[in-house]
Each structure stands twice: as structure tokens, then as C-alpha cells.
Engineer: 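Got a structure here, written out as C-alpha cells. Questions coming.
Each chain gets a letter, A, B and so on, in the order its sequence line appears, and its residues count up from 1.
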Amino acid sequence: MIAKVIVDVPSRATDRPFDYKIPQQMLGWVEVGSRVGVPFGGRVLQGFVIGITEHADFDVKKLKPIAELLDHIPPLSPDLVELASWISDKYCCTLTASLQAMIPAALKGKADSVVSIADDEVNEASEDSLLGEEAWLSYIRQNGGTMRLAALQERFPESAADIKAAVKRGTLTEQVTIRDRLSVRKVLTVFPPDNEALALEALQNYPARAAKQQEVLRYMLEHREPIAMTVLVEALSTTSSTVRAVADKGLLEIREMEQSRDPYAGRDFKRTEPLPLTEGQQAVYAEIAESLDAEQSRVFLLHGVTGSGKTEVYLQTIERCLQHERQAIVLVPEISLTPQMVERFKGRFGDLVAVLHSRLSSGERYDEWRKIREGRAQVAVGARSAIFAPFERIGLIIIDEEHESSYKQEETPKYHARDVAVRRARQHSAAVVLGSATPSLESFAAASRVVSGSEAANTSTSASASTSASAKASGAALLPMPNRVGGRPMPKVHLIDMRDELKNGNRSMFSRQLHEALLERLERGEQSVLLLNRRGYSTFVMCRSCGYTAQCPHCDISLTYHQKSRVLRCHYCGHAEQAPEKCPSCESEHIRFFGTGTQRVEEELAKLFPGIRVIRMDVDTTTEKGSHEKWLTMFGERKADVLLGTQMVAKGLDFPYVTLVGVIAADTSLHLPDFRSAEKTFQLLTQVAGRAGRHQLPGEVIVQTYNPEHYAIVTAQHHDYAAFVQEELKHRRFMGYPPFCRLIVVTLSDEQLPLLIQTGEKLASTLRQLAYESGIKGSIDSDGTRFIDILGPVASPIPRMKDRYRFQCMVKYRGNVNANDLLKQAISMLSGPQGQPPVQISVDVDPQMIL
DNA sequence: AGCACGCCGACT
DNA sequence: GTCGGCGTGCTC
């Protein structure tokens with residue numbers, strides 16, 4: 001039998017299946033989805049089996065056999081392999097990249113060599129005197145004749161060439177295997193006696209002076225369960241040598257057991273029961289439950305205002321799904337994957353929940369992943385990549401805060417978890433629930449078209465190329481939840497025109513109203529949340545005399561100032577330099593280091609409200625593991641008056657004593673050169689406003705802005721999603737942006753500018769030519785359903801990164817245009833015979849940020 | 001991506 | 001004369 005293997009080489013040229021013979025002893029073990037080690041061009045690499053056939057597409061005589069099978073259970077199932085190939089096709093990336101994204105990093109094996117002294121050499125050495133033998137050779141002998149090549153080279157760096165030569169002439173034999181980057185935690189475990197009768201007899205006859213041993217044995221006979229050595233020793237306040245003594249008599253067994261790291265071990269989650277649903281929740285639940293019972297693959301857009309109780313609906317639909325013995329995946333934006341959120345799922349489903357997020361160590365993540373793969377978990381809660389949770393029978397996929405841009409991966413493979421979810425759900429006949437108070441325009445356009453039949457014809461031409469193409473195909477159903485649980489009103493939102501403040505001589509960053517409102521909360525002992533909406537704003541250096549700013553010498557981007565080390569760092573390439581004392585350009589002393597906005601707000605708060613207790617949450621204060629959780633717990637225990645932060649304070653938090661939400665500057669995100677800036681602003685304001693007054697105490701929101709008449713801000717003030725969408729759709733249609741078309745951004749990069757520009761031009765003209773040949777109308781005003789427009793090449797927003805220049809082309813299209821195919825064709829037309837393009841090309845399908 | 005093979009300059 | 005620079009080309 002022949003295995004088709006995708007080899008772990010991140011290059012387009014090698015991204016195709018290579019055929020390998022399956023050795024006799026591996027027959028029946030090697031499956032689609034298996035991870036194997038294969039010889040490839042003189043070395044051994046990790047690869048994935050994506051197919052098994054009878055006949056090779058290659059000269060059988062030249063076929064090499066698979067060198068090793070790396071796992072007992074294939075890490076990928078055939079449906080995930082199929083999904084990987086869909087991703088690489090849709091997002092124009094290599095299959096290798098898609099496959100790698102699906103497994104935990106711990107399973108990214110690397111080749112590792114073990115060298116042994118050849119047999120005849122061993123004999124020779126016994127005759128020859130060891131005198132004069134090279135140090136490294138005797139070192140191997142001391143190690144029993146075999147050791148890892150890497151370890152040997154580390155010990156004798158100066159003999160590297162000698163060692164290599166020895167391998168070449170056969171003095172040393174080399175064996176290459178793939179080693180995982182994982183450490184399985186082993187725990188010494190004590191097992192109860194096999195032979196109980198014997199043990200009981202021994203217990204009777206134990207010598208009196210071995211009381212502790214007797215105690216150990218009695219304990220084990222009573223509990224009759226394996227127990228960790230450390231726990232046993234602790235419980236009986238004895239030592240491991242005592243336990244060992246019992247084991248040496250053959251009465252107990254001590255073995256090393258593999259132990260899963262459970263990041264939530266020892267934490268008690270209070271079990272919760274399903275809450276009675278409100279009428280609104282019930283209607284939505286019934287709709288989804290019906291689909292679950294029928295095992296249909298349907299997509300639901302759950303549009304529920306903040307505080308409408310979406311999470312309870314999630315929990316109960318998951319319960320329904322589990323009753324059908326099918327598994328559920330819950331995606332949550334990384335930023336709102338808070339302990340609060342985890343607690344709600346753990347509280348309802350206990351150990352059946354596996355949690356996957358970026359704060360886990362690679363070992364912890366691997367253990368949670370295995371819990372899923374081995375069927376010990378039925379529910380996976382996690383960020384973006386949890387969409388690849390290796391379940392066998394998925395019944396339900398929930399995507400909370402569906403509009404969040406963090407569902408789009410910015411690195412290759414640049415997939416959108418929402419679209420992958422829809423595709424994966426279809427493989428499993430599973431339901432998808434997209435939940436949001438502020439659905440993305442793409443999802444909303446795709447969903448409303450199906451529900452409001454009369455508008456269907458109307459929108460089908462205008463928004464036919466929704467970004468959520470798969471949602472479109474499956475026909476998303478809109479499920480509205482317009483009311484808050486308990487009939488609580490939406491908080492009142494006040495807009496403060498900061499221009500008026502300035503006119504009235506208030507130059508502080510706090511308006512009088514916000515100042516007063518904060519004071520009131522302090523007096524009443526209630527809490528406030530302050531949002532500084534500063535996307536992409538970080539600390540930088542500027543000279544106030546000449547305007548000089550510190551730039552990275554390799555990247556054409558401002559350097560970031562790190563206060564702790566007084567170093568300027570580029571966060572694209574890692575370049576670091578000492579922060580200057582005076583301006584390098586004009587020698588002025590007036591060089592200033594601008595701290596994060598939140599730092600300045602914190603200082604101002606301390607000045608205005610002496611004794612105020614502020615928790616500041618931003619990248620500076622939450623990088624440490626667990627710090628996020630720590631701050632939120634503190635705030636929840638009312639150990640602070642104000643929670644001040646960036647985006648991260650806007651999402652999913654629920655504190656009963658928060659009655660004031662202040663937005664310092666609503667418009668900082670409004671004027672970013674991105675076509676989604678209005679949408680992002682509306683979403684953020686709506687989300688943060690939803691933090692107030694979720695319980696008994698009524699909430700108030702104060703939004704400071706310089707653009708009080710902007711529709712994104714006005715509609716957010718009135719919690720009017722429909723009005724926002726209507727206005728925003730007008731703009732999108734007029735400007736020709738999604739959901740009225742789809743976008744692909746192609747970025748080309750190279751060290752040589754002329755070659756780069758030349759290649760860029762060639763790519764654009766080839767694309768135009770191909771589009772023309774396939775008869776697609778090119779005009780932006782075209783009424784036809786097919787349309788394509790190729791823009792550029794132009795310099796990228798970051799024109800140089802890591803000493804490479806960057807240019808980009810944008811493809812806009814709509815209708816049944818296979819832009820991916822055109823693009824792939826164009827790229828292959830300017831590539832060499834092995835498929836390597838003259839410059840580096842990176843493709844972003846459905847980009848989130850255009851900037 | 002790596003590694004081998006291969007053809008031209010500065011050294012023992 | 002050799003060592004070694006990194007330019008193409010291939011990997012089942």
C-alpha cells in the first residue's frame with residue numbers, strides 16, 4: 001500500500017503529496033490523518049498522511065518507506081484532513097500550513113538524531129588501549145555507546161567536524177527519529193495490592209516496629225484505588241521510603257503514570273442548573289433545538305442585545321446537543337475568555353469541558369486537546385483555533401461575539417473561524433449559532449436575506465457576495481432577542497461634545513459631567529468602568545522641537561518605548577536600541593516619551609480624586625500569566641472603584657455594582673483609514689455600554705466625543721443596531737466594500753525594490769488579462785452579477801518590514817467569480833518551473849484590516 | 001525549507 | 001594545487 005504524505009516543509013514548491021510505501025508492520029495502523037516520519041531529500045521529516053492508495057503516481061522502484069508512525073491514535077480525523085484542504089484552497093495557503101494549524105504545537109515534531117558506536121568499533125576498542133582516544137568517543141562509551149547527537153555536539157562543540165566525519169565513515173551509526181516537543185508529565189503512583197488475600201495476611205503479621213508500613217498497607221486496602229505518591233505521603237504523614245518498603249515486599253506496586261495537566265485542577269466550580277428561560281430565550285432555544293433534533297446543518301444568527309441572556313441559551317442548547325450524544329464547540333474571542341466565562345461552562349458541564357486558550361502552556365494545551373481526542377471531553381470552549389477541536393460527532397458550534405475581528409487569524413493560514421465553522425458544521429450535519437449584540441454586516445446581510453423573503457430579490461444582487469459565503473449557502477436564519485433579561489432597561493447613554501468643553505475652558509480629559517458622575521459613584525460606593533478607546537496606540541518617542549520620531553531602521557515603523565528597560569523596540573522585527581537622552585536629529589532636550597493613554601488617565605484620576613482606587617488593565621499590566629484574572633477578581637470583590645482599560649474592559653464582563661461606564665474618547669477609532677472603522681466604533685460603544693446596570697442598580701453611560709453627530713455614535717447612543725446597519729450599508733454600497741463585494745489583498749515583499757515593483761505590475765496585469773479572458777466585467781458600476789476589479793500595486797501600509805519592501809494589490813469582486821483560481825493561475829504564471837515565485841507572495845482572503 | 005551538486009576566487 | 005563562497009534544483 002502507498003501513503004500520500006504532505007511533508008512538513010513550509011514552501012509552495014513542496015506542498016503536494018509525496019508517495020511512500022507503507023511497511024508491512026504498519027499496515028492497518030497508518031490511516032488518513034496519521035502523523036509519520038518520512039525520509040525526504042536526505043533527512044527525516046514529519047508529515048501527514050492525507051490518502052492511502054493501491055498504486056503510486058511515482059516510479060515504484062524509487063519509493064521509500066515510511067520511517068516511523070508517530071502516534072497510536074491519528075491526531076487528525078479524515079474530516080479534518082478534508083477541512084484542511086478546503087482551507088488551503090479558500091485562503092490560498094499551503095496544505096502544510098492548514099494541517100499544522102489543527103494540531104497543538106507540542107505535536108510539531110522535529111528530527112532528532114541518535115548516534116551509536118558501531119559494533120565492530122566496540123570490539124576494537126577493547127583490544128586497543130583507550131589511551132589517546134578522542135574525548136567525545138569515550139564520552140559516548142560512558143553513556144553506554146549511544147546518545148543524542150545534539151547533546152554530544154553541545155558537550156564537544158569543537159569536535160563537530162570530527163563527529164560528522166565519524167558518522168560519514170560509519171564509525172558512528174546515526175538513527176533519525178521525530179521527537180515531539182512535549183513532555184508528558186509523569187507522576188509516581190501507588191497501586192493497591194493485586195493479591196488481596198496475601199496483603200490481608202501480611203497486614204496481620206506485620207512486625208510491630210513497622211507501624212507506618214502497616215498503616216500504608218491498611219490505607220491502600222481500604223481505598224483500593226491508585227493514588228499519587230505525593231498525596232499518599234501527605235495523607236499519612238510518612239515518607240516515600242516507607243511506601244517503597246511495602247512495595248519491595250511485593251504488597252503494593254509503584255509505577256509512573258502519565259498525568260494530564262488540568263489548568264483548572266483543584267478549582268471548585270459551583271454546579272449550576274438550567275435557569276428558566278424568558279419568552280424570548282425560549283423562542284430562540286426552540287428554533288435551535290428543532291434543528292439539533294433533526295440533525296440539520298443550519299446557521300443561526302442570534303442577534304441579542306447585551307444582557308439578553310445569550311449565554312444561558314448557549315448552555316441549554318449544548319445540553320440538548322449532548323443528549324443526542326454529539327459534541328459541542330464554543331468559540332469565544334480570546335479577550336473575553338475570562339474566568340467568568342469558563343466558570344459558567346464548567347459550572348454546568350463540569351469535567352466534560354475542555355478549555356483551550358492562548359494562556360495555556362503548550363503542555364497544558366496538549367493535555368486539553370487529548371482530552372477531546374480521546375473522548376473524555378464533550379464540550380470544547382476556546383478561542384479561534386478551538387474550531388479544530390478533534391471531535392468525532394459534532395452537533396453544535398457556537399460562536400459568541402461573532403463580529404469580533406479576532407476570529408480572523410492574521411498569520412498564515414489566514415482563516416476566519418466563522419467561515420471554517422460553517423464548513424465544518426456541514427461535514428457533521430451540525431448547527432451553527434452565531435451570537436452577537438452587534439452582528440458583523442457580512443453575517444447580518446447573509447442572514448436577513450433568508451428571513452425577510454420580500455427583500456430577498458432586492459438584496460441578492462447588492463449583497464450577493466457576502467463575505468460569509470458559506471453562511472449564504474447554508475441559509476442563515478435570524479433569531480432576534482431584543483429584550484434584556486428581567487425587563488431591565490438599556491442603560492441611558494449621554495453624549496458629551498468635547499468641543500464645547502474646550503470652548504468652556506475645560507482642557508482636562510474629563511468632561512464636567514463625567515467628573516461629576518465619577519464623584520457620585522465614589523460617594524455611593526458604586527463602581528465605574530472607564531474605556532480608553534485607543535486601538536493600535538502604543539508608547540512612542542517624539543521630539544517636541546523638530547517633530548522627530550524614532551523609526552525602526554528595518555521596518556519603516558515607529559519604535560515602541562519600553563519603560564522598564566528604557567529601550568526602544570520594533571514589534572515587527574524585534575530590533576532594539578537604547579532610548580536617546582536628547583533628540584538625535586536636532587539635539588534638543590525636548591524629546592518626550594509618550595506613555596500609554598491609560599497611564600496618563602490613571603495619573604489624572606489620582607490627581608482629581610485623591611485616594612481613588614484604580615485598576616488599570618492594558619497590555620502592560622496583563623502580560624503576566626493569570627494577571628488578567630487577578631485584576632478582574634479584585635474588581636469583582638470591590639477592592640477598586642474604577643476599572644480603567646482598553647478594549648479588554650468592554651467585553652463580556654458582568655459586575656453588579658458597576659453603574660457608570662465612561663468612554664474617554666469615542667472617536668479615536670472612528671477615523672482610522674479602514675472601511676470597518678465606523679462598524680468597529682459602533683460595536684465597541686454598544687459592548688461597553690452593555691457593561692452598566694446589568695443587575696438591580698440602574699446604569700448610566702457617558703460617551704465623550706468630538707463627533708457627536710456621527711451616525712455610528714448617535715445610533716450607539718440609542719442602542720439602535722438597525723439604524724446603524726442601514727446607514728453603514730449605504731456607505732459600503734457606495735464605496736464598493738463588503739458585504740457588497742469580496743476582497744483579497746495580495747502582499748508582495750522582497751529586498752530589491754525594482755524586482756518587487758516589476759513583479760507587482762506583472763501580477764496585476766496578468767490578473768486583469770485573465771479576468772478579461774474569462775469574460776468578467778471589470779467596471780465597478782457594472783450591474784452584472786459578475787464583477788472584478790484589480791487595484792494596485794501600491795506600497796503597503798507598512799512599506800518596509802525586516803528590510804524587505806512591501807507592495808500590495810487588492811482584488812475586489814462579486815458574483816460567481818472564482819477569484820482564488822484566477823489568483824493562483826496568475827501566481828503560477830509568474831513563477832519558475834518548480835513553482836517558486838520571484839518574490840515572496842502572501843495572500844489575505846477576506847482581510848479584516850485594510851488600514 | 002534544507003541539502004547536495006557545481007562552478008569560480010583566496011589561501012596552506 | 002585545495003577550501004569554500006552561495007547560485008540552481010530537487011526532494012516520493
Engineer: Grab the two heavy atoms, one from A:Ser774 and one from A:Leu822, that are nearest each other, plus how far apart they are.
Structural biologist: OG-CD2, 4.3 Å
Engineer: Grab the CD-P distance between A:Gln46 and B:dA1 for me, whole Å please.
Structural biologist: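 Going from A:Gln46 (CD) to B:dA1 (P), I get 18 Å.
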Engineer: Just the endpoints, please: which first and last nucleotides of DNA chain C, 5' to 3', lie under 4.0 Å from a heavy atom of chain A?
Structural biologist: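 Span of nucleotides near chain A: C:dG9 to C:dC12.
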Engineer: Show me, pair by pair, the donor-acceptor contacts under 3.5 angstrom made by side chains of residues 11-27 of chain A, not counting sequence neighbours?
Structural biologist:
from: A:Ser11; atom 1: OG; to: A:Ala13; atom 2: N; distance (Å): 3.1
from: A:Ser11; atom 1: OG; to: A:Thr14; atom 2: OG1; distance (Å): 3.4
from: A:Arg12; atom 1: NH1; to: A:Ile841; atom 2: O; distance (Å): 3.4
from: A:Arg12; atom 1: NH2; to: A:Cys92; atom 2: O; distance (Å): 3.0
from: A:Thr14; atom 1: OG1; to: A:Ser11; atom 2: O; distance (Å): 3.4
from: A:Asp15; atom 1: OD1; to: A:Leu95; atom 2: N; distance (Å): 3.1
from: A:Asp15; atom 1: OD1; to: A:Thr96; atom 2: N; distance (Å): 3.1
from: A:Asp15; atom 1: OD1; to: A:Thr96; atom 2: OG1; distance (Å): 3.0
from: A:Asp15; atom 1: OD2; to: A:Leu95; atom 2: N; distance (Å): 2.7
from: A:Asp19; atom 1: OD1; to: A:Lys4; atom 2: NZ; distance (Å): 2.9
from: A:Asp19; atom 1: OD2; to: A:Lys4; atom 2: NZ; distance (Å): 3.3
from: A:Asp19; atom 1: OD2; to: A:Asp57; atom 2: N; distance (Å): 2.8
from: A:Tyr20; atom 1: OH; to: A:Pro39; atom 2: O; distance (Å): 2.7

Engineer: I'd like to know whether A:Arg768 forms a salt bridge (Lys or Arg N to Asp or Glu O under 4.0 Å) with A:Asp789, so could you lay out the CA-CA distance, the side-chain angles of the two residues, the decisive distance to 0.1 Å, and finally the verdict.
Structural biologist: CA-CA 8 Å; A:Arg768 288 187 186 108; A:Asp789 200 9; over 6 Å; no
Engineer: Show your working on side-chain hydrogen bond (donor to acceptor under 3.5 Å, both in side chains) between A:Glu174 and A:Ser113 and close with a plain yes or no.
Structural biologist: CA-CA 6 Å; A:Glu174 183 185 18; A:Ser113 288; 2.7 Å; yes
Engineer: Please determine whether salt bridge (Lys or Arg N to Asp or Glu O under 4.0 Å) holds for the pair A:Arg806 and A:Asp750, giving the CA-CA distance in whole Å, both sets of side-chain angles, and the decisive distance to 0.1 Å.
Structural biologist: CA-CA 7 Å; A:Arg806 293 149 51 88; A:Asp750 196 76; over 6 Å; no
Engineer: Using a heavy-atom cut-off of 4.0 Å across all strands, would you classify A:Arg12 as base, sugar-phosphate, or nothing?
Structural biologist: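 Counting heavy atoms under 4.0 Å across all strands, no contact is made by A:Arg12.
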Engineer: For A:Tyr20, report the nucleic acid contact type (base, sugar-phosphate, nothing); a contact means any heavy atom under 4.0 Å.
Structural biologist: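 It contacts sugar-phosphate atoms only.
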Engineer: Atom CZ of A:Phe40 and atom C1' of B:dA4: how far apart are they, to the nearest Å?
Structural biologist: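 It is 14 Å, rounded to the nearest whole Å.
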Engineer: When the ring planes of A:His416 and A:Tyr407 are compared, do they come out parallel, tilted or perpendicular, using 30° and 60° as the limits?
Structural biologist: tilted
Engineer: Pick base, sugar-phosphate or nothing for A:Pro39, based on heavy-atom distances below 4.0 Å to the nucleic acid.
Structural biologist: sugar-phosphate
